[in-house]
Amino acid sequence: MTLSALRSSTLLPVLLIVIAMLSIQSGAALAKNLFPLIGAPGVTALRLGLGALILCVVFKPWRMRIQGNRLPLLLYGLTLGGMNFLFYLSIRTVPLGVAVALEFTGPLAVAIFSSRRALDFLWILLALAGMWFLLPLDNDIANVDMQGALCAIGAGACWALYIVFGKRAGANHGPATAAIGSLIAAMVFCPVGAYFADTSLLSPAILPLGIAIAILSTALPYSLEMMALTRLPAKTFSTLMSVEPVIAALSGILFLGEHLLLTQWLALFCIIAASLGATLTVKRARITDSAQG
């Protein structure tokens, strides 16, 4: 296949999304390896601060004229920061794949609540089954730390709000919304992370790793996802993103030695099936409703 044919096909945006997911989870694995040096709050501060700096250089948000209601933009930035902060707190004690699966219940809830069809109860039951196998509700059945699991669910709640407010803010302020939101998140959570960091965040031994995490977890995947979104239907994009918990689990195995139990793999696939089902049926329902209208 020639380069021009690759660009015009759907293969390229799919490849971009896969690379973006691999980049995000590789960055999360690298961040977890940095926890013993500066702690999860310190890593959060590095990722948000350096990521915001990179995005500001790329999108130049100072050229943007902020008009209309600014509250969605503010809430978008706060939920972005809260999502990152709680997620890093969760993976201190929870395997990466498990944390991402629990976090994924946030966007899954957004997808399900956007529809009122009876079939959506199946996806709710699948998601609840996955959470049952992941959460230590019955004699620590999945060997998962409860505090870390709750942080992951909290990150998922922030992710859900991030989607809601991000759509509103993006509609008002355009592509530079990500840079402004990251800057807001950094202004709030960088001081918190720096305060609780175990050592200096700008030391020569830490800073290069922080830059790598910011690139892998923020700058590169956000840029690739933006390129893919312009070439793929939203349904296809959402469907592909549903496999991210598996990529996270594989990243945890490869880079962190986090091997999951059979029940945890079952839970991951329950949540992925719920996400795929909700994405496909909700989109189909919207098409049907618009055709009938």
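Predicted model, so just to flag it, every value in this text is computed and none were measured.
- Among residue pairs with one or both ends in residues 201-211, none qualify as side-chain hydrogen bond (donor to acceptor under 3.5 Å, both in side chains); sequence neighbours excluded.
- With a 4.5 Å cut-off between side-chain heavy atoms of Ile, Leu, Val, Met, Phe, Trp and Tyr, the cluster of M187 takes in L183.
- Grouped with I24 in a hydrophobic cluster is no other residue, since no side-chain heavy-atom contact under 4.5 Å to another Ile, Leu, Val, Met, Phe, Trp or Tyr is found.
- I153 CD1 to C158 SG: the interatomic distance, rounded to the nearest 0.5 Å, is 12.5 Å.
- Using a 4.5 Å cut-off between side-chain heavy atoms of Ile, Leu, Val, Met, Phe, Trp and Tyr, with links allowed through other members, L262 and I253 fall into different hydrophobic clusters.
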Would you be so kind as to tabulate the donor-acceptor pairs closer than 3.5 Å made by side chains of residues 37-50, with sequence neighbours excluded?
from	atom 1	to	atom 2	distance (Å)
T44	OG1	A40	O	2.9
R47	NE	N84	OD1	3.2
R47	NE	T218	OG1	3.1
R47	NH1	N84	OD1	2.8
R47	NH1	Y88	OH	3.4
R47	NH2	N84	OD1	3.2
R47	NH2	S217	O	2.9

So M21 and V243, side-chain contact (heavy atoms from CB on, under 4.5 Å) or not? Walk me through it.
CA-CA 9 Å; M21 289 189 289; V243 303; 3.9 Å; yes
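- With rounding to the nearest 0.5 Å, the separation of CD1 in I54 from CD1 in I211 is 7.5 Å.
- No continuous path of ILVMFWY side-chain contacts below 4.5 Å connects V164 to L78, so the two sit in separate hydrophobic clusters.
- Using a 4.5 Å heavy-atom cutoff, the side chains of L126 and I271 are not in contact.
- A ring-ring contact (aromatic ring centres under 6.0 Å, His included) check over residues 247-270, counting only residues at least two apart or in different chains, returns nothing.
- Sorted by first and then second residue, the salt bridge (Lys or Arg N to Asp or Glu O under 4.0 Å) pairs with a member in residues 205-214 form an empty list; sequence neighbours excluded.
- The shortest distance between side-chain heavy atoms of L260 and L268 falls below 4.5 Å.
- Closest approach of S251 to A29, counting heavy atoms only: OG-CB, 3.8 Å.
- In the hydrophobic cluster analysis, where Ile, Leu, Val, Met, Phe, Trp and Tyr join through side-chain heavy atoms closer than 4.5 angstrom, F35 is grouped together with I206.
- Taking the six-membered ring where tryptophan is involved, the planes of F104 and W159 are perpendicular, since the angle between them exceeds 60° and thus also 30°.
- For the ring pair (Phe, Tyr, Trp, His ring centres under 6.0 Å) test, no residue two or more places apart in sequence or in another chain qualifies with F87.
- Residue pairs satisfying the salt bridge (Lys or Arg N to Asp or Glu O under 4.0 Å) criterion with at least one member in residues 151-163, sequence neighbours excluded, are absent.
- The distance from the CG atom of L55 to the NZ atom of K60 is 12.0 Å, given to the nearest 0.5 Å.
- Cluster membership for V188 and L86, using ILVMFWY side-chain heavy atoms within less than 4.5 angstrom, is shared.
- The CD1 atom of I91 sits 8.0 Å away from the CG atom of L256 when rounded to the nearest 0.5 Å.
- Scanning for side chain to side chain contact (heavy atoms under 4.5 Å, CB included) contacts around V192 gives F85, F196, with sequence neighbours left out.
- When side chains are defined from C-beta on, M146 counts as touching L150, because their heavy atoms get closer than 4.5 Å.
- Both L250 and V98 are part of a single hydrophobic cluster, where members link through side-chain heavy atoms under 4.5 Å apart.
- Separation of atoms CG (L75) and CZ (F165) is listed at 4.5 Å; rounding is to 0.5 Å.
- A side-chain hydrogen bond (donor to acceptor under 3.5 Å, both in side chains) check over residues 17-42, counting only residues at least two apart or in different chains, returns the pairs Q25-E244, K32-E258.
- Evaluation of the side chain to side chain contact (heavy atoms under 4.5 Å, CB included) rule for I19 yields L15, L224 as partners, not counting sequence neighbours.
- Closest approach of V100 to A248, counting heavy atoms only: CG2-CB, 3.5 Å.
- In this structure L30 satisfies the side chain to side chain contact (heavy atoms under 4.5 Å, CB included) test together with L209, A212, I213, L216, sequence neighbours excluded.
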